[in-house]
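To keep things clear, I will list the structure first and then write my remarks on it.
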Number of protein chains: 2
Amino acid sequence: MSTQRSPQAAPERKLRADAVRNRAGILEVAQRHFLAHGIGTSLEAIAKEAGVGAGTLYRHFPTREALLAALLQRRTEEVVASRDRIGQVGDPGEALREWMRAMEDYLSSYTGLPGPLAAAAQERDPDNPLTLPCEQLITATQEYLHAAQQAGVAHAWVRPRDLFLTAVSIAWVRGAGAADDDSIAALRRLDESGYRPA
Amino acid sequence: MSTQRSPQAAPERKLRADAVRNRAGILEVAQRHFLAHGIGTSLEAIAKEAGVGAGTLYRHFPTREALLAALLQRRTEEVVASRDRIGQVGDPGEALREWMRAMEDYLSSYTGLPGPLAAAAQERDPDNPLTLPCEQLITATQEYLHAAQQAGVAHAWVRPRDLFLTAVSIAWVRGAGAADDDSIAALRRLDESGYRPA
DNA sequence: CGACGATACGGAGGTAGCCTCCATATTGTC
DNA sequence: GACAATATGGAGGCTACCTCCGTATCGTCG
């Protein structure tokens, strides 16, 4: 308990020094490449720029999703933590709206991110490294939605998962073809007016 | 005027007999492959199964989008023609709802179709062969939307393009990760309740 | 009918990216 | 300092894209 260790199912033994170094380097380069070229960017290029072989990259992150999940971890914690800030907002309707925007921005972190996340949200495969962030977001959504429903500013038939998918699909439109701002604003308004009773 | 010719800008000279045969064969095989494996399927595999070389395929359809557009042409005409059927529906609100479903199904014809279409809808590049079908769909949407707005069953601030993007994004969710029917139904309900005043 | 120019064909070949495998190198420990 | 455990890297096998050009097929005209 003295050393910070994952409580349940921690298969992580301590890494060798070079492994730690390489892992960090890969993440740093990957972050830049995903930002610049979307999640479809070449993994080999990342390995090369990070100064490691392809094998090393794939040992640390067996799939593109694993790399993505590692990168997303910080962001996920930040966003979920923004609950505290948003929580200060008195009006539950306003809070829900802000939360939706926060999710939308998170989901737009990298071009192409909505695809794998939507898939993960639905398959619920515990082996998919993206399942965890999805569940966290949906859980957070539940809190805001519930409060909004209590206050009568959200329809009772709306489920947290539905709002999550809504945010994902807006983020997808943002990424696919670079929709103009007007269209995105219209989509947001449509969705908001969708879950909110008149 | 006796022979059926494209009225404006027809760069199509008459094809040689073998070219016509090959083109048809490619389309027939491509249809099956796109249906079975989505729009990302291997073009080389299509060429092989159609019994032509890669060069022939690329000569007829220089890009994946061109092939897609050729395949979509029939479907597009069918869907736009379904205006006639839907037009019979008296209630403009009901007609708009039906039209949205028809678009959604059209956009779900092949897995992955929403991506290129969303891109085409926004870039408005006349060289993109998918631009035409997009415009046709948006134009048709405009008719239904306008009628609905006149009847007071759609908000005045909704634009045809917004509804098109809505349909595209639902189709995308359908395709990405095979969302369960409940989620899709919820998204539809959300959207409908979004454009419709209480 | 035959031959000649125009049209179309096909598949080899260069490029790029994925992922695996294992001989070699590095690390940590005793 | 030496040995076992751990980690490395890049060659290599694979799939797919797309282009290029020598060759085959077509249609027409004499």
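Letters A, B, ... are given to chains in the order of the sequence lines, protein chains preceding strands, and every chain is numbered from 1.
The separation between K14(A) atom NZ and dA7(D) atom P is 12 Å, rounded to whole Å. Rounded to whole Å, the distance from CG on L57(A) to C1' on dC19(C) is 11 Å. Across the protein-nucleic acid pair, K48(A) atom NZ and dT8(D) atom C1' stand 18 Å apart, rounded to whole Å. Here dG28(C) presents its P atom at 11 Å from CG of L15(A), a figure rounded to the nearest Å. In this entry the distance linking CZ of F61(B) with P of dT19(D) reads 16 Å, nearest Å. Atom OH in Y58(B) sits about 8 Å away from atom P in dT19(D), given to the nearest Å. Computed from coordinates, the E49(B) CD to dA16(D) P distance equals 13 Å when rounded to whole Å.
Between R64(B) and dC17(D) there is a side-chain N or O to OP1 or OP2 distance below 4.0 Å. A sub-4.0 Å separation between OP1 or OP2 of dC18(C) and a side-chain N or O of S42(A) is present. A close approach under 4.0 Å does not occur between any side-chain nitrogen or oxygen of R21(B) and OP1 or OP2 of dT25(D).
Checked for salt-bridge contact, E192(A) and R188(A) miss the test: no charged N lies under 4.0 Å from a carboxylate O. The existence of a salt bridge linking K48(B) and E44(B) is excluded, since no basic side-chain nitrogen approaches an acidic carboxylate oxygen closer than 4.0 Å. Under the 4.0 Å criterion applied to side-chain N and carboxylate O atoms, D191(A) and R97(A) are not assigned as salt-bridge partners.
Side-chain atoms of E98(A) and R85(A), non-hydrogen and from C-beta on, do get closer than 4.5 Å to each other.
Side chain to side chain, H155(B) and Q149(B) fail the donor-acceptor criterion of an N or O pair below 3.5 Å. In the model, E123(A) has a side-chain atom that pairs as donor or acceptor with a side-chain atom of N128(A) under 3.5 Å.
The stretch residues 28-41 of chain B has no heavy atom under 4.0 angstrom from DNA chain C at all.
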Expected rows: protein N/O vs nucleotides 9-13 of chain C N/O, under 3.5 Å:
{"unit_1": "dC9(C)", "atom_1": "OP1", "unit_2": "N22(B)", "atom_2": "ND2", "d": "2.4"}
{"unit_1": "dC9(C)", "atom_1": "OP2", "unit_2": "R59(B)", "atom_2": "NH1", "d": "2.6"}
{"unit_1": "dC9(C)", "atom_1": "OP2", "unit_2": "H60(B)", "atom_2": "NE2", "d": "3.4"}
{"unit_1": "dG10(C)", "atom_1": "OP2", "unit_2": "G53(B)", "atom_2": "N", "d": "3.3"}
{"unit_1": "dG10(C)", "atom_1": "OP2", "unit_2": "T56(B)", "atom_2": "OG1", "d": "3.1"}
{"unit_1": "dG11(C)", "atom_1": "O6", "unit_2": "G55(B)", "atom_2": "N", "d": "3.2"}

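Ring geometry, Y110(A) versus F34(A): the interplanar angle falls from 30° to 60°, so the pair is classed tilted.
The minimum heavy-atom distance linking P116(B) with L68(B) is given by the pair CG-CD2, 4.5 Å.
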